[in-house]
Amino acid sequence: MKSASRLEKVLESGQFAVTSECGPPRGADAEVIRKKGEILRDVVDAVNVTDNQTSVVRMSSVASCFILKGMGLDPVLQMVTRDRNRIAIQSDILGAAALGVNNILCLSGDHQVFGDHPKAKNVYDMDSIQLVHSVKTMRDEGKFIEGEEIKPPPKLFIGAACNPFADPFEIRVPRLAKKVAAGVDFIQTQCIYNLDKFEEWMKGVRDRGLHEKVYILAGVTPMKSVGMAKYMKNMVPGMDVPDEVIERLKGVDKEKRAEEGIKICIETIQRLKEIEGVSGVHIMAIEWEEKVEEIVKGAGLYPRPQV
Amino acid sequence: MSEDDFEPKIVAFCCHYCAYTAADLAGSMRLQYPPNIRIIRLPCTGKVDVLHLLRAFEDGADGVYVAGCMEGDCHFINGNFRAKKRVQYAKKLLDEIGFGGERLEMFNMSAAMGTRFAEVAKEMVERIKKLGPSPIRGGKTKKDGDAL
Amino acid sequence: MIVGERKPMEEIEAMIEPFDKIIVLGCRECVTVCSAGGEKEVGILSAALRLSRKQNGREIEIKEFSLERQCDHEYIEQIRSMVPNYQAILSMACGAGVQFVAESYPEIPVLPAINTTFIGVTEEQGYWTERCQACGNCILHLTGGICPIARCSKSLLNGPCGGSSDGKCEVNKEIVCGWQLIIDRLKSLGQLERYEEYIPIKDWSTSRDGGPRKVVREDLRL
Amino acid sequence: MVIVATGGEELKPDEYLYGKNERVMTQLEFEEHLVEEPQFSAAQKTVVMIQCVGSRNEERPYCSRVCCSTAVKNALRLKAKNPDAQVIVLYRDIRTYGLMEPYYREAREKGVVFVRYEPEDKPKVEERDGKLAIEFFEPTVRRRVTIYPDTLVLSSATIPRENEELALMLKVPRMADGFFLEAHIKLRPVDFATDGIYVCGLAHSPKNITESVAQAAAAAARAGTVLANDTISVGGVVAVVDEEKCAACLTCVRACPYSVPVINERGKAEIDPVKCHGCGVCAAECPGKAIQLQYFRDVQVLAKCDALYGKEEVAA
C-alpha cells in the first residue's frame with residue numbers, strides 16, 4: 001500500500017470503485033461541507049474536493065478535505081497548478097497529509113478567465129504531469145522537488161484527470177501514458193456521454209497495457225435538464241455531448257427530464273462496468289449530491305465494500 | 001454664432017483621377033456648390049496621411065473630407081481602401097479626444113460625377129454647419145456634453 | 001521584435017495634464033516597425049494632443065523628435081540640450097526605452113505613451129502576434145520549434161490541457177491551441193513519439209523570476 | 001499605348017411601334033431602303049420622321065448630334081428620287097450645326113415640312129384599319145393633325161457600345177451614359193488621366209464622321225508624341241526614400257500595389273523611380289516617415305493646409 005487511502009484499498013482489492021465530488025462553498029461556513037459529506041457518507045468510497053473550480057474563489061480544498069476527514073470520509077484533495085507555485089504546492093501537500101488526507105488529484109485547472117477574478121495572474125510554475133511526478137518523488141523518494149529530504153514524506157494516493165474527448169485526439173492515449181510514466185496511481189476521466197468514443201480511447205489504453213498500470217475511474221454527470229445538456233455541449237471546453245443524449249431528454253416531459261438524466265447516468269455506468277480496464281466510476285453530480293445515492297443504488301453498486 | 005451666419009471652412013483631399021476631375025467637371029457643368037470647400041489635390045487618396053487630416057483640423061478647418069475613386073475603381077488598385085481605413089482610424093482618434101469624428105468623412109466618386117462632387121460639397125457644408133465651428137475656433141467640444 | 005501599441009488618448013492626456021511644454025520622443029527601432037512609436041506616430045500623437053488641448057483653450061507646445069534607439073546612451077544624449085526647455089518627455093518607446101531615457105534625465109518626468117505588449121512577429125501588415133516570453137532558457141528544440149510557454153495560455157510543458165478543442169484554446173476560440181500546433185508540427189516532422197518525452201519542471205530562475213537579468217560578455221566589454 | 005475607339009451604335013427604339021409595324025424604321029434602315037431598293041422611293045407618297053427618339057430625355061439627356069443632319073440628308077435624297085413624296089419632320093430643335101445649315105434651308109425650299117413638337121406632347125403613333133396613323137399638334141394652325149404615312153422614320157439616339165468591362169480593365173472613367181470621359185474637356189480632350197491611353201470617336205460621345213476623323217487624328221498625334229521618342233521621361237511624381245530614417249520595416253514593400261520597393265544591400269528600402277507609379281501609398285504608410293512622394297511631400301501638403309487659412313509659417 002502506498003497510502004492509507006480507502007480508495008486505494010478498494011481498488012487494490014479488485015472491486016469496482018465509486019467516487020464522487022463536492023464543491024466547497026463560497027463562504028466560511030463549514031456546515032455546507034458537512035451536509036454534503038453526510039449525503040455521500042457510505043454511498044461512495046472517496047469524495048473529491050474541488051480546488052477553486054472554474055477559477056471561482058471557494059473555501060480552500062485542504063480545509064474542506066480536513067472537515068470531511070473528520071467525519072470519517074476519505075477525501076481526494078484536488079490540487080490545481082494555476083494558483084500556487086512549487087513552494088505553496090509542496091507546503092499544502094505536507095499540510096494535507098498531516099491532516100490525514102490520503103488522496104490527491106493533480107490538475108492544471110481551468111484558466112482564470114472563466115472565473116470571478118479574470119484579472120488575476122496565473123502561476124503555472126508546473127503542469128499537472130509535473131505535479132504528478134513531484135508528488136510521487138515526495139512520497140516514494142522522500143524528496144522535495146529540489147532534492148532535499150522530507151521527514152517524514154507525505155503518503156498520498158496520486159490521481160490525475162484525463163479527457164478522452166479533447167483535441168488533438170491522437171495524443172489522448174500517449175498523454176495518459178505520459179501521466180502513467182510520471183507516476184500516477186488512478187485516473188478520473190472527464191464526464192462521458194459519448195460512449196463509443198470512450199471505448200475507442202479505452203481500446204487504445206488497453207493496446208498499450210496502460211489499464212494494468214493505472215486504475216481508470218470513468219467520469220459521469222447526470223443531466224438535470226435540456227438546458228444543462230446544451231450548455232455542456234456548447235460551452236464547456238473539451239466536452240462531448242452527442243445529440244442523441246439531448247434528443248432523449250427532449251423526448252420526455254419537462255418535469256421528468258431530471259429523472260431521465262439519472263436514468264441515462266445509470267445506464268452509462270452499467271455499460272462502463274462492462275468495459276475492460278475501467279476500475280470504477282467517478283460521479284460528478286454538480287450541486288446535486290443528494291442524487292448520488294440513487295445513482296449508486298440504481299447501478300447496483302450499493303452497498304460499498306468495507307475495507 | 002447661429003447656424004446661418006457660420007460659414008465653415010472645409011478641406012477636401014481629392015484624388016487626382018476621380019474626385020479632382022469630378023470637381024473640374026462640376027465647374028464645366030456650371031454646377032453651383034458652396035464656396036466653403038478648399039481642395040488639396042493628391043495623386044491618390046492612398047497618399048492621405050492621418051497626420052495630414054489632423055493637421056488640417058489644427059490649422060482651423062471645421063470639417064475635412066477625403067474624396068477618392070469608387071470602390072474597385074482606384075487608379076492605383078486599392079489606395080481608396082487604405083484611405084477609408086485611415087479615415088476610420090482618424091475619426092476614432094478625434095472621438096477619443098472629444099473633437100468629434102463626424103467632422104471627418106470619406107466619400108467615393110468617379111471622375112464623371114460632377115454632380116456628385118457638388119452634392120458631397122453641399123452635404124458636408126450642411127453637416128458642419130449643424131455641428132458648428134471647430135472646437136478650436138470657439139465651437140463646443142464633445143466633452144462639454146453637448147453632443148449632437 | 002518588441003511589439004507595442006499606443007495607450008488610449010484619455011490616459012495619455014491625463015498623464016501630461018500638468019504640462020504645457022513637452023517632448024514627444026519616438027524610437028526608430030521595434031516600435032517603428034510595429035507602427036506604435038515611430039516618427040509617423042509621433043506626428044499623429046502630437047497633432048492629436050495639440051488639437052485636444054487647443055479645443056479646451058489651453059495650448060501645449062510639443063517638440064517632436066525621434067531617436068535611432070532609446071535603449072542606447074549615445075542616442076539618448078542627442079536631446080540633452082533641448083531637455084531643459086521642456087517640462088516632461090512623453091516617450092513612444094518600449095518600456096526599456098522609457099526607463100533608459102528617464103535614467104539619463106533624472107530632473108524631468110519621462111512618461112510612457114505606449115504599452116509594451118510582447119515579443120512577437122509581423123504575421124502580415126498591421127497584424128502582430130506573440131512568440132516569446134523571454135524565459136531565458138529556450139526549449140524549442142523539444143517542442144517542435146513552437147514555444148508552449150508563450151503560446152499555451154497556461155504555459156503547460158507536457159501537453160495540452162483538457163480544454164483544447166478543434167485546435168483552439170479554451171480561453172477563447174481566436175487563440176490557436178499552442179499544443180495543437182506542437183503536435184501538428186511533430187507529426188509533420190515524423191517525430192510524434194517525442195511528445196511522450198517528459199519535460200521536467202522548469203527552472204524559472206533564468207526567467208524574470210530570478211530577478212532583473214543581465215547578459216555580460218566580458219570579451220566585448222571595453 | 002492604347003487608343004480607345006470602341007465606336008457607338010444606333011439605339012433600337014422601344015416606342016412608336018418600332019419592331020411591331022414594318023413601316024416603322026430607323027434612319028439607318030430608311031437610308032438602306034433608299035439606296036438598295038430602286039422602287040422604294042417611288043412608292044413613298046408620305047414619309048414622317050420623328051426626331052430625338054431616345055435622346056434628350058431623362059434616360060439619355062445628351063443630344064445625339066447626327067440625327068438632324070441625317071434626317072435632312074435622307075429627306076433630300078428621297079426628294080431627289082421622288083420629288084412628289086411628302087416629307088414631314090417632327091422635331092424639337094433642328095441642330096444641323098456647322099456647315100450643314102444650307103441643307104436644312106434646301107430641304108425647306110424643296111417642300112419638306114418641319115413641325116415642332118414639345119417633349120410633353122410627343123407624337124402619337126398607332127395602327128388604324130391597317131394603316132399607320134400619326135397624330136400630333138401642329139403649332140402654326142393650332143390643331144391636332146393626323147397623318148397616314150407610308151413610312152415612319154425614327155431618328156434614334158446614338159448609344160455607346162458595351163464597354164463597361166473595358167473601362168474597368170483600363171481603369172478609365174465613363175460618364176453615367178456610358179461614353180468615355182476625357183481628362184479635361186478643354187485642355188486634354190483626347191487624353192485620359194491615365195498616361196498612354198487616349199480616346200476618340202463615338203467611344204467618347206456622339207459626333208459626325210468629320211468630327212470623329214478629326215478626333216482620331218488628334219488621338220493618333222498624341223500617341224505619336226510618345227511613340228516618336230526613343231526614350232521617355234517619366235513624371236517626377238515618384239517616391240524617394242531617406243535611408244537615414246528607414247527602419248527596413250517592410251511596410252512599403254508590402255503596401256506598394258506594384259511591388260516596387262525592395263530592401264537593398266544596405267538594408268534600406270529602395271524605390272526604382274522608373275517603376276514607381278507615384279501613388280504615394282508607401283509615403284503615407286511609412287511608420288518612420290522615411291518616404292516622401294515628390295511634389296506631394298508632407299511639407300508641401302501641409303503647407304497647402306496651412307495656406308488655406310492664411311497661415312504663412314509652414315511647420316516642417
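Within residues 182-201 of chain D, no residue has a heavy atom under 4.5 Å from a heavy atom of chain C.
The number of heavy atoms from other shown groups lying within 6.0 Å of OH (Tyr97(D)) is above 12. Within a 6.0 Å radius of CD in Glu265(D), more than 12 heavy atoms belonging to other residues, nucleotides or ligands are found.
Chain C forms the most heavy-atom pairs under 4.5 Å with one residue out of Ala290(D), Cys249(D), Pro287(D), and that residue is Pro287(D).
Taking Glu10(D) as the reference, Thr26(D) meet the side-chain hydrogen bond (donor to acceptor under 3.5 Å, both in side chains) condition, with sequence neighbours excluded. Remark: Ala284(D) pairs with Arg86(B) by the side-chain contact (heavy atoms from CB on, under 4.5 Å) rule, at least two apart or across chains.
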Any idea which donor-acceptor pairs are under 3.5 Å between chain D and chain C?
residue   : atom : partner   : partner atom : Å
Lys245(D) : NZ   : Glu39(C)  : OE1          : 3.4
Lys245(D) : NZ   : Glu39(C)  : OE2          : 2.7
Thr251(D) : OG1  : Gln125(C) : NE2          : 3.4
Arg254(D) : NH1  : Gln125(C) : OE1          : 2.9
Ala284(D) : O    : Lys40(C)  : NZ           : 2.5
Pro287(D) : O    : Glu39(C)  : N            : 3.2
Pro287(D) : O    : Lys40(C)  : N            : 3.0

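When heavy atoms are compared at a cutoff of 4.5 Å, Cys246(D) does not approach chain C at all.
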